[in-house]
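Worksheet: one structure, shown below.
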Amino acid sequence: MKIVEVEAIPFAIPYRKPLRFASGEVHVADHVLVRVRTDDGVVGVAEAPPRPYTYGETQASIVAVVDKLFAPELLGLSLLEREVVHARMNRTVGNPAAKAAVDMAIWDALGRTLGVSVSQLLGGFTDRMRVSHMVGFASDAEMVTETERVRDTYGISVFKVKVGRRPVELDVGACRALREALGPDVELYVDGNRGWTPSEAARALRAMADLDLTLSEELCPADDVLGRRWLTAQTSVPTVADESATTPGEVTRELLGGAATAISIKTARSGFTTSQRILHQCEGLGVEVVMGNQIDGQVGTACTVAFGAAHRSSSRRAGELSNFLDMSDDLLTEPLEISGGELVVRPGPGIGVEIDPDKLARYRQD
Ligand SMILES: [Mg+2]
């Protein structure tokens with residue numbers, strides 16, 4: 001169970017349709033595949049999606065920090081010394097996606113070594129999650145068409161609508177068009193990716209008060225400290241902290257400061273180990289969680305569903321598990337499939353995915 005190699009392999013797979021939101025847009029999945037090999041010949045994998053507009057990481061920075069700083073510190077450690085792994089990686093500040101991918105690849109290798117599923121190792125609550133689909137910026141008509149297609153094709157009935165445009169009427173109109181087209185049976189919630197000021201967000205929420213939104217996520221920047229508290233205090237829609245609450249310390253600050261009432265957990269930025277700490281912290285504080293999506297590919301999505309399904313409180317709400325549908329291809333030998341609005345945890349040891357060597361050879365950038 002000794003770690004003998006940690007690899008960071010950059011790869012790029014184009015999107016069929018770019019995803020647009022308030023803080024950026026994504027045309028190509030320029031991710032990094034992290035592989036951890038042990039002296040038993042076991043290989044664990046995970047995926048790091050760089051999000052420079054959120055965390056400052058790039059594909060090149062993830063490769064560099066894994067190759068130059070993390071790998072030399074981790075060689076020789078056992079898969080069971082995960083606290084040591086984190087203590088060593090945390091000598092470097094930041095780099096959440098790189099650290100998360102190393103953490104999850106180690107869990108994958110551990111599951112494969114033991115011949116058991118990581119989801120069961122983490123908690124084994126259920127084997128599936130309901131899926132929530134993210135709807136990016138487009139015209140009202142395009143957003144409605146896309147949402148109806150996803151509902152009819154995959155049976156998905158929960159949609160997160162990207163908002164945060166100016167004027168706010170653009171997004172109010174889009175959400176109203178979606179509610180009118182989809183009817184009362186679908187769940188709708190919104191994510192502003194920090195696009196609005198607190199006063200704009202308050203106006204938008206007032207204008208959408210009749211749309212039965214179930215959550216509003218990160219409508220204003222994290223540095224709008226008092227404005228966020230003011231907004232959260234006046235709305236009856238629960239406020240989800242996403243990119244403002246990526247570590248246990250940030251979660252404490254956002255919740256105790258009154259700037260959020262729910263937390264988005266993303267395995268792509270807190271791995272399995274830190275995600276579990278955040279989840280338990282939220283359970284202890286009596287706060288709901290949502291399994292979020294860092295525009296993950298299929299490897300990352302398999303990680304999210306493995307974690308989300310493992311615990312009662314993380315499997316309660318629909319998880320954001322469908323962004324990979326917009327990619328033109330992926331790395332797995334067997335693609336993930338969403339049906340009946342659900343994604344099932346991959347059976348098999350570890351995370352349950354196998355990388356197709358031909359596809360990796362086609363898409364790798366090194
Ligand atoms: Mg978000």
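Every number for a ligand or one of its atoms is a count from 1 in the order of the listing. Since we're looking at a predicted model, the values are computed, not measured. Computation of the quantities below employed the complete heavy-atom set of this structure, encompassing side-chain atoms and omitting hydrogens, waters and symmetry-equivalent molecules.
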Working for salt bridge (charged side-chain N to carboxylate O under 4.0 Å, His left out), residues Glu218 and Arg228: CA-CA 9 Å; Glu218 215 73 83; Arg228 285 161 61 98; 2.7 Å; yes

Verdict with supporting geometry, Asp171 and Val190, side chain to side chain contact (heavy atoms under 4.5 Å, CB included): CA-CA 9 Å; Asp171 293 321; Val190 293; over 6 Å; no

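Remark: the Glu57 side chain and the Ser61 side chain contain no N/O donor-acceptor pair separated by less than 3.5 Å. Side-chain polar atoms of Ser313 and Glu283 form a donor-acceptor pair below 3.5 angstrom.
At least one N, O or S atom of Asp191 sits under 2.8 Å from the Mg ion (ligand 1). Put simply, Glu217 gets within reach of the Mg ion (ligand 1), with an N, O or S atom under 2.8 Å from it.
Its N, O or S atom nearest to the Mg ion (ligand 1) is what matters here, and for Asp242 that atom is OD2.
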